[in-house]
Amino acid sequence: GVLSRLRRARATAVESQNLLRDYVRLGEQCRGLVEWSRPGASLAVFAGLTLFLVVAARMRADYLGVLVVLATMAPGAILSVERRAARAKRSARCRRAAKKCN
């Protein structure tokens, strides 16, 4: 009857309110990202997220899963390459310093 309609309307209103709150929170997070103190980095992150969302909207779920797994593994690989490069620079600097001293 009337009470069940009111309960359904209330549940729908609560669900809509929660969805709107989530969208507002996402918008605030995006705005915070854009207003980040490092404009170049924030632009790169924002462009990457936008590209990911576009790709995710157009890609099949199984391919998207593989892409996500690769993306989560990539930062470790990138960091290890950066660490090796930094070590190589340090060792080259040490070798040059040793030649100057001798």
Side-chain angles (χ1 to χ4, degrees):
V2 173
L3 287 178
S4 66
R5 284 185 188 166
L6 286 175
R7 284 188 190 123
R8 276 186 290 187
R10 182 179 181 272
T12 303
V14 167
E15 185 178 325
S16 300
Q17 185 178 10
N18 289 337
L19 186 64
L20 182 62
R21 184 188 66 222
D22 292 341
Y23 284 136
V24 167
R25 183 179 301 146
L26 179 64
E28 288 173 348
Q29 290 171 346
C30 288
R31 189 185 76 209
L33 181 64
V34 170
E35 293 175 351
W36 197 16
S37 63
R38 294 170 43 195
S42 64
L43 178 63
V45 170
F46 190 71
L49 287 173
T50 304
L51 178 66
F52 174 76
L53 289 175
V54 169
V55 169
R58 298 192 157 264
M59 190 177 276
R60 286 183 23 191
D62 51 350
Y63 294 144
L64 185 61
V66 170
L67 182 66
V68 168
V69 168
L70 290 176
T72 55
M73 295 171 82
I78 292 169
L79 286 177
S80 66
V81 169
E82 289 175 354
R83 285 187 199 124
R84 278 187 254 143
R87 267 188 258 142
K89 275 186 185 177
R90 273 195 306 260
S91 64
R93 220 175 316 159
C94 290
R95 283 192 299 265
R96 280 187 298 229
K99 286 180 183 178
K100 287 180 185 177
C101 293
N102 292 334

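Computed over heavy atoms, backbone and side chain alike; hydrogens, waters and symmetry mates excluded. When a residue number appears, it is its place in the shown sequence, counting from 1.
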Quiz prompt | Same cluster (ILVMFWY, side-chain, under 4.5 Å), L51 and Y63 | solution = yes

Self-check item: Heavy atoms from other residues, nucleotides or ligands near CZ of R10 exceed 12 (cutoff 6.0 Å)
Solution: no

Quiz item: Once you round to the nearest 0.5 Å, how far does CG of L3 lie from CZ of R5?
Solution: 11.0 Å

Practice problem: To the nearest 0.5 Å, tell me how far Q29 CD sits from L49 CG. | Solution: 10.5 Å

Quiz item: Roughly how far, to the nearest 0.5 Å, is CG of D22 from CD of Q17?
Solution: 11.0 Å

Quiz item: About how many Å separate CZ of R25 and CD of E28, when rounded to the nearest 0.5 Å?
Solution: 8.5 Å

